[in-house]
J.: 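Can you keep this structure in mind? I'll have questions shortly.
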Amino acid sequence: MRFRRDTKKAGSLSLQVEYAPLRVTSSCNSGCEPFAILFAPGYEPSLHPAWGRLYADLGLLLVGFPQRGDDRGMAQGAHGGIGVDILSGRSLMWSINTRVLWLQRSTDSDRNSLMLQAGVTLSPAIESR
């Protein structure tokens with residue numbers, strides 16, 4: 001889910017909430033495919049050319065691991081990326097975005113993770129210009 005406030009301005013506040021299935025790549029005996037809930041508020045400065053919107057995103061990141069096991073708990077970090085919203089006619093919008101996520105765990109091992117996320121969506125255009 002992604003929420004943005006007032007995208008007609010040069011910048012807007014955003015909130016992204018995600019369910020993320022994960023896979024442990026290091027040695028693992030049980031619980032090797034945990035899931036996480038990401039809560040990512042951010043600020044999006046943007047430009048509005050005639051074809052859509054070009055934006056950057058920068059913000060904080062909170063991640064919860066609600067399953068039982070060794071990796072349960074919270075992580076905190078930051079996220080940043082770029083994206084475009086391309087209007088296709090009067091009724092469709094393509095969204096293409098990438099972002100980098102950095103997580104720092106509060107466990108005994110103090111592990112850090114760096115991830116790359118990329119996505120493409122097709123949705124109805126909420127409003128036309």
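All figures in this text were calculated on a predicted structure; none of them were measured in a lab. Both backbone and side-chain heavy atoms feed into the values below; hydrogens, waters and symmetry mates do not.
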J.: Among all residues two or more places apart in sequence or in another chain, which pass the side-chain contact (heavy atoms from CB on, under 4.5 Å) test with L62?
T.: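 Once residues adjacent in sequence are excluded, the partners of L62 under the side-chain contact (heavy atoms from CB on, under 4.5 Å) criterion are F39, M74, Q76.
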
J.: What I'd like to find out is whether the side chain of L101 reaches to under 4.5 Å of the side chain of L61, using heavy atoms alone.
T.: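 Yes, at least one pair of side-chain atoms sits under 4.5 Å.
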
J.: With sequence neighbours excluded, tell me which residues meet side-chain contact (heavy atoms from CB on, under 4.5 Å) with L114.
T.: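 For L114 the side-chain contact (heavy atoms from CB on, under 4.5 Å) partners, ignoring immediate neighbours, are V100, W102.
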
J.: Between H79 (side chain only) and D57 (backbone N and O only), is there a donor and an acceptor less than 3.5 Å apart?
T.: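 Looks like no, no N/O pair under 3.5 Å.
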
J.: So do R99 and N97 actually touch side chain to side chain, heavy atoms under 4.5 Å?
T.: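 Counting from C-beta outward, N97 and R99 never come under 4.5 Å.
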
J.: Can you name the residues that form a side-chain contact (heavy atoms from CB on, under 4.5 Å) with T98, not counting sequence neighbours?
T.: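 Checked T98 against side-chain contact (heavy atoms from CB on, under 4.5 Å); matches are I82, A118.
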
J.: Could you state the interatomic distance from OH (Y43) to OG (S12), rounded to the nearest 0.5 Å?
T.: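 Here the interatomic distance stands at 7.5 Å.
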
J.: For L60, does the CG atom sit with more than 12 other heavy atoms under 6.0 Å from it, leaving out its own atoms?
T.: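 Open.
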
J.: Quick one: closest heavy-atom pair of L87 and G52, and the distance?
T.: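 Scanning both residues completely, I find the closest heavy atoms to be CG-CA, 4.2 Å.
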
J.: To the closest 0.5 Å, what do you measure between OG (S113) and CE (M115)?
T.: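 Going from OG on S113 over to CE on M115, the span is 5.5 Å.
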
J.: Can you measure from CZ (R53) to CG (D85) and round to the nearest 0.5 angstrom?
T.: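 So the gap between those two atoms works out to 5.0 Å.
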
J.: I86: which other cluster members, linking ILVMFWY side chains closer than 4.5 Å, directly or transitively?
T.: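 ILVMFWY cluster around I86 also holds L47, W51, L54, V84, L92, W94, I96, V120, L122.
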
